[in-house]
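A short worksheet on the structure shown next.
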Amino acid sequence: MELRTQAYGKLNLSLDILRRQPSGYHDMKMVMETVALCDDVHIAISDGDRVRLSTNLHYLPVDDSNIAAEAAEAFFRELDLPRKQVTIHIHKRLPVSAGVAGGSANAAAVLRGLNQLMGTGLSKEELMRVGLLVGSDVPYCIVGGTALAEGRGERLTPLTSLPPCHIVICKPKFSISTASLFGRIDCSKIRYRPDTAGLIAGLDSQNLDQVAVRMYNVFEDVLDPKQKEVTVIKRALIDAGARGAAMTGTGPSVFGLFENEHMARTAYEQLKSRYPETFLTKNYSPLLV
């Protein structure tokens, strides 16, 4: 048995960190949004007891250090199911180590796919519990849409959908260590925070400008000087007509929201000439579970 499904990327319309827990995890408050840019995931089950993974990118790990393989292992372990051979192929379009939850989206697609192939009938809440064992963004990627994510990201509250818009995503030519950013952040010294309540009010009133001008990511304030190209890209997006721009996740990708498709395409073409990993997409509200 086999199926094909999509793993949709996400953006952080806002990212705030409230406090550090005694466990070492941080209490987050984020507004998340699904985009149409996605990876294709093919999953097949057969007799056997291994997880076999392949991708179209030669540099990605294909052993159990890949979060998609880890998700398959967690599915059978947590449900105490007889083992099957799981063969997974991922055709990547989402940029890697970019803040768009590409790995988490792959893991979520694997969990949803195995739930269907194995006929286990898990609810979205049950799938999310398994997903959280694999990664903090996986529960959100299981359900998608526009949502407020709190805690580690596992407490999700559906929000009014973002108004339809055009989105340019641009990844500069470097990566950022998630651990290093969390190590630099001091919750008592955060100078600027997103106006989460105002952003949510903008969603409720379907006012894209009200949403866009309130977007912010507190990690932007602790970037190294060499990573300040994030600010350069934000400015380029705003100058090209974006209603607002922000870094997503722990970066380094930056995105801008556009009402006008022509302006979005022009911004995309300008940035693509300098940054190969630039994408033109839209917001998307898939029914994933």
Side-chain angles (χ1 to χ4, degrees), residues 1-10 34-144 152-154 171 175 177-179 249-250 253 277 279 281 284 286-289:
M1 293 187 290
E2 62 186 275
L3 61 77
R4 296 179 186 274
T5 189
Q6 283 72 48
Y8 294 93
K10 67 84 185 169
T34 303
V35 293
L37 185 65
C38 65
D39 295 338
D40 292 328
V41 182
H42 175 252
I43 309 165
I45 58 173
S46 57
D47 292 336
D49 61 358
R50 295 178 55 201
V51 175
R52 302 177 63 184
L53 177 68
S54 61
T55 84
N56 62 315
L57 300 181
H58 66 86
Y59 54 83
L60 289 182
V62 292
D63 57 14
D64 57 9
S65 66
N66 188 299
I67 191 172
E70 186 181 353
E73 296 283 1
F75 183 86
F76 285 92
R77 181 182 67 247
E78 296 303 313
L79 273 63
D80 196 24
L81 294 172
R83 289 304 305 265
K84 291 284 189 179
Q85 177 153 302
V86 182
T87 304
I88 303 165
H89 179 74
I90 301 172
H91 183 86
K92 295 292 296 181
R93 295 190 191 87
L94 294 165
V96 177
S97 300
V100 298
S104 294
N106 295 157
V110 167
L111 292 175
R112 292 194 310 269
L114 288 176
N115 190 37
Q116 183 175 339
L117 287 170
M118 295 296 295
T120 40
L122 297 184
S123 66
K124 66 179 180 181
E125 290 78 15
E126 291 168 321
L127 276 178
M128 289 164 62
R129 280 195 288 272
V130 178
L132 185 61
L133 300 173
V134 181
S136 296
D137 279 340
V138 179
Y140 167 76
C141 291
I142 285 171
V143 294
R152 287 171 52 194
E154 81 282 6
K171 181 189 176 187
S175 295
S177 164
T178 296
T250 53
S253 295
E277 291 192 278
F279 308 88
T281 186
Y284 185 58
L287 296 175
L288 293 179
V289 179

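FYI, the numbering just counts along the sequence from 1.
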If I take atom [atom1] from residue [X] and atom [atom2] from residue [Y], how far apart are they, to the nearest 0.5 angstrom?
{"X": "Thr5", "Y": "Gln116", "atom1": "OG1", "atom2": "CD", "answer": "8.0 Å"}
{"X": "Thr55", "Y": "Ile90", "atom1": "OG1", "atom2": "CD1", "answer": "7.0 Å"}
{"X": "Lys92", "Y": "Cys38", "atom1": "NZ", "atom2": "SG", "answer": "10.5 Å"}

With no hydrogens and no angle check, is any side-chain donor or acceptor of Ser253 less than 3.5 Å from a backbone partner on Ala98? yes

Listing, residues 61-72 side-chain donor-acceptor contacts under 3.5 Å, not counting sequence neighbours, or none:
| residue | atom | partner | partner atom | Å |
| --- | --- | --- | --- | --- |
| Asp63 | OD1 | Ser65 | N | 3.0 |
| Asp63 | OD1 | Ser65 | OG | 2.4 |
| Asn66 | OD1 | Ala68 | N | 2.9 |
| Asn66 | ND2 | Pro61 | O | 2.9 |

Would you mind reporting whether [Y] and [X] have side-chain heavy atoms less than 4.5 Å apart?
{"X": "Phe279", "Y": "Val100", "answer": "no"}
{"X": "Phe75", "Y": "Val86", "answer": "no"}
{"X": "Arg129", "Y": "Leu122", "answer": "no"}

Report the residue from Leu114, Ile142, Val138 that forms a side chain to side chain contact (heavy atoms under 4.5 Å, CB included) with Leu127. Ile142

At their closest point, which heavy atom of [X] faces which heavy atom of [Y], and how far apart are they?
{"X": "Tyr8", "Y": "Thr34", "answer": "CB-CG2, 3.5 Å"}
{"X": "Leu37", "Y": "Pro95", "answer": "CD2-CD, 4.2 Å"}
{"X": "Asn56", "Y": "His89", "answer": "N-CE1, 3.9 Å"}
{"X": "Cys141", "Y": "Arg112", "answer": "O-NH1, 3.2 Å"}
{"X": "Leu111", "Y": "Gly131", "answer": "CD1-CA, 3.6 Å"}
{"X": "Val35", "Y": "Tyr284", "answer": "C-CB, 3.8 Å"}

By salt bridge (Lys or Arg N to Asp or Glu O under 4.0 Å) - contacts of Asp40 (at least two apart): Arg93

With sequence neighbours left out, write down each residue that passes salt bridge (Lys or Arg N to Asp or Glu O under 4.0 Å) with Lys171, or none if nothing qualifies. Glu277

Which residues satisfy the side chain to side chain contact (heavy atoms under 4.5 Å, CB included) test with Ser136, sequence neighbours excluded? Arg152

Keeping to residues at least two apart or across chains, list the side-chain hydrogen bond (donor to acceptor under 3.5 Å, both in side chains) pairs with something in residues 75-87. Glu73-Arg83

Side-chain donor-acceptor distances from residues 42-53 under 3.5 Å, at least two apart:
| residue | atom | partner | partner atom | Å |
| --- | --- | --- | --- | --- |
| His42 | NE2 | Glu2 | OE1 | 2.7 |

